[in-house]
Visitor: 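What follows is a single structure, and I will ask about it in a moment.
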Amino acid sequence: MAMNLSMMWGNALASSSANVRKVASLASGMRASLPSSSSSFPFSVNCSINSLVLSRPWPKRIGASLRCFSALSPELKTTLDKVVTSHKVVLFMKGTKEFPQCGFSNTVVQILKSMNVPFETMNILENEMLRQALKEYSSWPTFPQLYIDGEFFGGCDITVEAYKSGELQELLEKTMCT
């Protein structure tokens, strides 16, 4: 089933890749006109999880600010909406449930397996665009990311705490019954 989930977001990633190339092309053209010392760059940089904004008094042909690429295109957001609602439990993780490639991902997999909960996984290491888009989609910067009944539940620490308190078992029992 993970293969079908991967195919769902393939087209959305293709259009996002084109946007990345456009931004990279524009940025490389601007780089030639910038000073070599980063301390003397004639612009300010404002960063957030969602985007990067460069502001400076650019010539009129460029405009007052340039908004760099956001990994979460509308197409990819729609696809992620479908993926997280296609199964009751979806885990975006590093590696697979058979071969986790991160201790935190392994911890969440072991918790879900110990509870005999059917769940699907997506390996975020297979695609950097997917990894960045998920950070924006969930407003959560780290992995794994657990979705239950179409809603972001949390990462490893939240899952472990909810498991210890019994909250996770209660939520999953409700979810599996609906």
Visitor: Quick one: closest heavy-atom pair of A162 and S165, and the distance?
Guide: O-OG, 3.2 Å
Visitor: Is C156 close to F143 at the side-chain level, that is, under 4.5 Å between some pair of heavy atoms?
Guide: no
Visitor: Show every donor-acceptor pair shorter than 3.5 Å between a side-chain atom in residues 170-178 and any protein atom, with sequence neighbours excluded, or say none if there are none.
Guide:
unit_1: T175; atom_1: OG1; unit_2: L171; atom_2: O; d: 2.9
unit_1: T178; atom_1: OG1; unit_2: K88; atom_2: NZ; d: 3.4
unit_1: T178; atom_1: OG1; unit_2: T175; atom_2: O; d: 3.0

Visitor: Carefully, step by step, assess F92 and N123 under the rule side chain to side chain contact (heavy atoms under 4.5 Å, CB included).
Guide: CA-CA 6 Å; F92 293 93; N123 182 357; over 6 Å; no
Visitor: Would T79 and K82 count as a side chain to side chain contact (heavy atoms under 4.5 Å, CB included) here? Give the steps.
Guide: CA-CA 5 Å; T79 303; K82 289 178 186 174; 5.5 Å; no
Visitor: Going from OG1 on T142 to CG on D157, what distance comes out if it is rounded to the nearest 0.5 angstrom?
Guide: 8.0 Å
Visitor: With a 4.5 Å cut-off on side-chain heavy atoms, are L76 and L80 touching?
Guide: yes
Visitor: Go through it in stages, so that I can follow the logic: the residues are Q132 and E128, the test is side-chain hydrogen bond (donor to acceptor under 3.5 Å, both in side chains), and I'd like the CA-CA distance, side-chain angles, deciding distance and then a yes or no.
Guide: CA-CA 6 Å; Q132 294 307 317; E128 180 64 24; 2.7 Å; yes
Visitor: Can you find a heavy atom in the side chain of L130 that is under 4.5 Å from one in the side chain of M122?
Guide: yes
Visitor: Could you note down all residue pairs passing side chain to side chain donor-acceptor pair (under 3.5 Å) where residues 100-111 supplies at least one of them, sequence neighbours left out?
Guide: N106-Q110
Visitor: Between L146 and M115, is there shared hydrophobic-cluster membership here, with clusters defined by ILVMFWY side-chain heavy atoms closer than 4.5 Å?
Guide: yes
Visitor: Find the distance between CD (E151) and OG (S138) and round it off to the nearest 0.5 Å.
Guide: 12.0 Å
Visitor: Is the shortest heavy-atom distance from the side chain of E75 to the side chain of T78 under 4.5 Å?
Guide: no
Visitor: Rounded to the nearest 0.5 Å, how far does CG of D149 lie from OG1 of T85?
Guide: 9.5 Å
Visitor: When you compare the side chain of L134 with that of L72, does any pair of heavy atoms fall below 4.5 Å?
Guide: no
Visitor: With distance as the sole test, does E120 use its side chain to make a donor-acceptor pair with the main-chain N or O of L91 at under 3.5 Å?
Guide: no
Visitor: Counting the benzene-type ring for Trp, do Y137 and F152 have ring centres under 6.0 Å apart?
Guide: no
Visitor: Measure the shortest side-chain to side-chain distance between F104 and P144 over non-hydrogen atoms and say whether it is less than 4.5 angstrom.
Guide: yes
Visitor: Using only atom types and a distance under 3.5 Å, with no angle test, would you say the side chain of Q169 pairs donor to acceptor with the backbone of Y163?
Guide: yes
Visitor: Using side-chain heavy atoms (C-beta onward) and a distance below 4.5 Å, is F153 in contact with I158?
Guide: yes
Visitor: Could you list the donor-acceptor pairs under 3.5 angstrom formed by side chains in residues 93-100, with sequence neighbours left out?
Guide:
unit_1: T96; atom_1: OG1; unit_2: E98; atom_2: N; d: 3.4
unit_1: T96; atom_1: OG1; unit_2: F99; atom_2: N; d: 2.9
unit_1: K97; atom_1: NZ; unit_2: F119; atom_2: O; d: 2.5

